[in-house]
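Report on the following structure.
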Amino acid sequence: MNGYREDFPILKSGLIYLDSAASSLTPEQVLKKMLEYYREYRANTGRGVYRIADRATSELEKARKSVAKLIDAREDEVAFVRNTSEGLNFVASSLKFKKGQNIVTTAIEHHSNFLPWLKISREKGLELRIVNPTKDFLINTEDFEKQVDDNTKVVAITHISNVLGFILPVRDIVDIAHKHGSMVVLDGAQSVPHIPLSVKKLGVDFLSFSGHKMCGPTGIGGFYVNPDVLNELEPIFIGGESVDKVSLHGYTLAKFPASFEPGTLPIAEAIGLGEAARYLMKIGLEKIARNDERLIGLLHEMLSTIEGVKIYGPSQEKRTNLLSFNIRDLDPNDVALFLDISSNIAVRSGFMCAQPLVNLLRSKNGVVRASTYLYNTEEEIETLVERIKDFTK
Ligand SMILES: Cc1ncc(COP(=O)(O)O)c(C=O)c1O
């Protein structure tokens, strides 16, 4: 996929960027689209009647349409949020819980899909049930059968583990949850940018994802809500255009997504996110997924032959866009610093905002994580492996 590298001028410096799971690079097309807003129709959206305000509104709605298309949703099912964490916090804080209900999640979640549930369960006195991974670090569907019951309000899971890099059996988990009348919240931070995803086929009720991991700008993300469960939510923030009628004695909420978008949005960022969605769809998510899988497969294969390298995660499961490892008992931060200084290679190190999982991996100082995207090449993976070999000599 070398043809796309030119869209990312930062790569001209020789940077080997293997940290897209934390935040991706942004192509020129997205930057240009954002600048166009500032230069040509810099006005607020959904408010003014003059022409540039109208253009700003229609560009924003075009962006929403593109983002919705990327996840196979309708545009009136997607709100703009700041990032994955915000969308997940919105669901946890906006759901109307009843006494005696429980929440089911897993021990492999990113903090952003664990802490909101831990917090709300404590505040509301609800039971938080945890599905643990197997000893091979796989998530077993049958374990959800044991934890989910008719009192389960919500099942919150990640789509792709940001530490282990495999895809969870979301459709099977959704079937179990729906059989009990429970809703499913999906953390799409790692999946939306990297694999074809259809909320309709998966049957999830909520999905949250971040623009900055999918070639878009920072400060913007998407939040999908299945219209059938909209009445389960009471927005925690209101104001601006999120209401319909207001008097001194009360108000009526606007329809979703406006009800979840109080105040002025990050307009340039939302428009940039729309461009990023179109950029990814133009290349094709199947193609992007194949490229990631091929590069991570190659890295797995090469690292497996090096003595002293420990790779984390299930050996039998295909990894998507990332792989975590350690070299002997070296501190992961030292490894990452050395890779940067010696070879301009950027990888992530530490606890990956998933401390419960990294503790289960028994890795005291965390892990090193390499992650790929559409601009990475085999040569870059080979260079990384060569440098890793230097550590083990
Ligand atoms: C699986 C997963 N969930 C949630 C997040 C949080 O994303 P953000 O920081 O954009 O809110 C991340 C980010 O690394 C992630 O990998």
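For ligands, and for the atoms within them, numbers begin at 1 and follow the listed sequence.
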Counting C-beta onward and ignoring hydrogens, is there a side-chain heavy-atom pair between K146 and R129 closer than 4.5 Å?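 Result no, sub-4.5 Å side-chain heavy-atom pair not found.
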Side-chain heavy-atom pair L280, C215 within 4.5 angstrom cut-off: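 Yes; the side chains approach each other to less than 4.5 Å.
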[X] heavy atoms, cut-off 4.0 Å: which ligand 1 atoms fall inside?
X: H212; value: 8 (P), 10 (O)
X: N162; value: 1 (C), 16 (O)
X: S85; value: 6 (C), 8 (P), 9 (O), 11 (O)
X: S112; value: 4 (C), 6 (C)
X: S210; value: 7 (O), 8 (P), 10 (O), 11 (O)

For Y375 and S24, what are the C-alpha separation, side-chain angles and deciding distance, and is it a side chain to side chain donor-acceptor pair (under 3.5 Å)? CA-CA 10 Å; Y375 30 73; S24 75; 4.5 Å; no
Option of least heavy-atom distance to atom 14 (O) of ligand 1 (set: K213, M352, R348, H159):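 The residue whose heavy atom sits nearest atom 14 (O) of ligand 1 is K213.
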Tell me which one of H110, E86, E109 gets a heavy atom nearest to atom 12 (C) of ligand 1. H110
Which is it for T84 and ligand 1 at heavy atoms under 4.0 Å: side chain, backbone, both or neither? both
For atom 4 (C) of ligand 1, grab the closest protein heavy atom and report residue, atom and distance to one decimal in Å.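 For atom 4 (C) of ligand 1, the nearest protein heavy atom is D187 OD2, 3.4 Å.
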Do any nitrogen or oxygen atoms of Q190 come within less than 3.5 Å of a nitrogen or oxygen of ligand 1? yes
Taking atom CD1 as the centre, does I341 end up with more than 12 heavy-atom neighbours from other residues, nucleotides or ligands that are less than 6.0 angstrom away?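 Yes, the 6.0 Å shell around CD1 holds more than 12 heavy atoms from other groups.
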Going by salt bridge (charged side-chain N to carboxylate O under 4.0 Å, His left out), E77 matches just one of K255, R64, K65, K200. Which one? K200
Tightest non-hydrogen contact, residues R387 and F338, listed as O-CE2, 4.3 Å
N113 side-chain N/O to H110 backbone N/O, donor-acceptor pair under 3.5 Å: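 No, because the side chain of N113 does not come within donor-acceptor range (under 3.5 Å) of the backbone of H110.
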